[in-house]
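Side-chain atoms are counted along with the backbone in the values below, which use heavy atoms only and exclude waters and symmetry mates.
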Amino acid sequence: MRGAPPPYLANFDSASAMLRALSRFLNGKDFPALGQSRLLEPLTQMVNWLPSTARKKIFALGGSFEAVAPEKMPQVSAEAVAHWMVNQYPRRQYPAMMIGSSNGALIHLCAALQIPWLPQTYLIPVRQSTDPDDPKQALKLGRKAGQALLEANPELQLHHMHDPSQDRLMVQYITYFRVKRRCLGPSYERFLKDHLAPGGTLFVVDCQRTWPTTQVGERYVFQHGAVGGVSEEEYLQGGPRVNHFLERMGSSVRHWEPPTPDGESPEAEWGFEPLLGEDIKAFAKRQGYHVKRIVFSQPEQVSPLVADLYQWWYGQRGILSNRLLVESFILMEPWWTLRLGAVPFWMVFNMEPSAQRLENYLNSRAPYDNIHMMLFAHGVESIGLPPIERWQALLKQARGVNGFIGVDTKSYPSDFSTFARYHKDLHKIHGRHPLPSPLSLNQLYEFLAQADNRYAVHWRS
């Protein structure tokens, strides 16, 4: 693993965190403190001792320290980001690679196959203060920096995402610029040529989740809201839950007035921009690679498939596995999942739709003996946040041992020490297995052939 990331790449983003988790696994390492400094543990523990208001303030300001000043947008280099990303992976030959949307469940599939994943989307946080409940002001303030970013990087398209519910703490200090690659570019192409086996397979992760957006310019859209606990209609039109939330937050408004949407775009964080898929197809044809698209409409639709695959794979290896490890957003651990012989179930966030999908999964499978759960802490009692008792009820569906991993139930969702404590708690779980040889592509295809269209995930040539 080589070099520090460019200073304008967010560490708390799904893409950078998932890439770190997978690259550390492929380098034979686990994923403590989200791949950050071990100093994170004592710092977050001290923060958790503070009153809730102080904790939230420190969390938000901490995120702003990662942000880049608007005037430095011309210095942002998509190629420098790509170069750093490919350099995180071991220099060896792989039978396949994944490229495209961020997805925690597919990180576990990559870990099983022992192959890299290259992100299409990542976050560039811009340091500027905005009123979270004034999306029109947020767009106005971000426009100049956005145009400068795109002028310096013609291979990118910009999705300015503004979420006043789930990202409420951060958007007071940070503008969320999520960018998507429209082509592979030199670093990705070179890495593929050097390390993908002749005749190898490129899996294109094609999450087709979209969101209403406002066109700002060429390659530039504004997205109000994001996937999680609030519906698109509530973000755009308001409603009782929005009214109540804004009243609790002490806001001067009772609904948001975003710029009028004039189209649908790939969702800023999770959606896939098809232009990259066309470039991958052309590149693969020139190089003699196979291309398979993994197509799904919601990020969590892959989670039951990967969970069932792991359970099947453990059976193939003669391991009796009836332990479920539930992960949340960037709180994940591919190395410890396999060491514990656990079945991974990844949730996109800590909101009610994720709780419902986990409940649907548990109700449709034989009971697990053990269930453990991580919960991402974002600091806001936002719309759609389930009470801690909802998660505890899901844990109790285990026939035996169950419990949270790294969660302080009294501090949640302002439980920022969970980002360091989850790793310690994983160490306390009994039972160890040797890390396996890679799952082969033939084994993957064998499992998929038996799946008989049970999943809302399509594998297309």
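- For residues 222-235, the pairs satisfying salt bridge (Lys or Arg N to Asp or Glu O under 4.0 Å) are R209-E232, E234-R241, with sequence neighbours left out.
- Side-chain atoms of Q223 and E267 form a donor-acceptor pair, as typed in the model, at a separation below 3.5 Å.
- Residue pairs satisfying the salt bridge (Lys or Arg N to Asp or Glu O under 4.0 Å) criterion with at least one member in residues 314-338, sequence neighbours excluded, are absent.
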Kindly list each side-chain donor-acceptor pair under 3.5 angstrom involving residues 186-205, sequence neighbours excluded, with atom names and distances?
residue : atom : partner : partner atom : Å
S187    : OG   : E79     : OE2          : 2.5
Y188    : OH   : P119    : O            : 2.7
H195    : ND1  : R92     : O            : 3.2

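- Environment of NZ in K292: crowded, with over 12 heavy atoms of neighbouring residues, nucleotides or ligands closer than 6.0 Å.
- If you check the side chains of T210 and E264, you find a donor sitting under 3.5 Å from an acceptor.
- Centroid-to-centroid, the aromatic rings of H427 and W336 come within less than 6.0 Å.
- Checked against the 6.0 Å centroid criterion, the rings of F25 and W335 do not qualify as a close aromatic pair.
- The residues D163 and R168 are annotated as not salt-bridged, no charged nitrogen and carboxylate oxygen being separated by less than 4.0 angstrom.
- The only member of F349, Y422, Y412 that meets ring pair (Phe, Tyr, Trp, His ring centres under 6.0 Å) when paired with F376 is F349.
- Using a 4.0 Å cut-off between charged nitrogen and carboxylate oxygen, E300 and R357 count as a salt-bridge pair.
- With respect to R390 and E352, a salt bridge is recorded, a charged nitrogen being found less than 4.0 Å from a carboxylate O.
- Using modelled atom types and a 3.5 Å distance limit, the side chains of Y89 and N27 yield no donor-acceptor pair.
- H378 and D167 are not linked by any side-chain donor-acceptor pair at a separation below 3.5 angstrom, with hydrogens and angles left out of the test.
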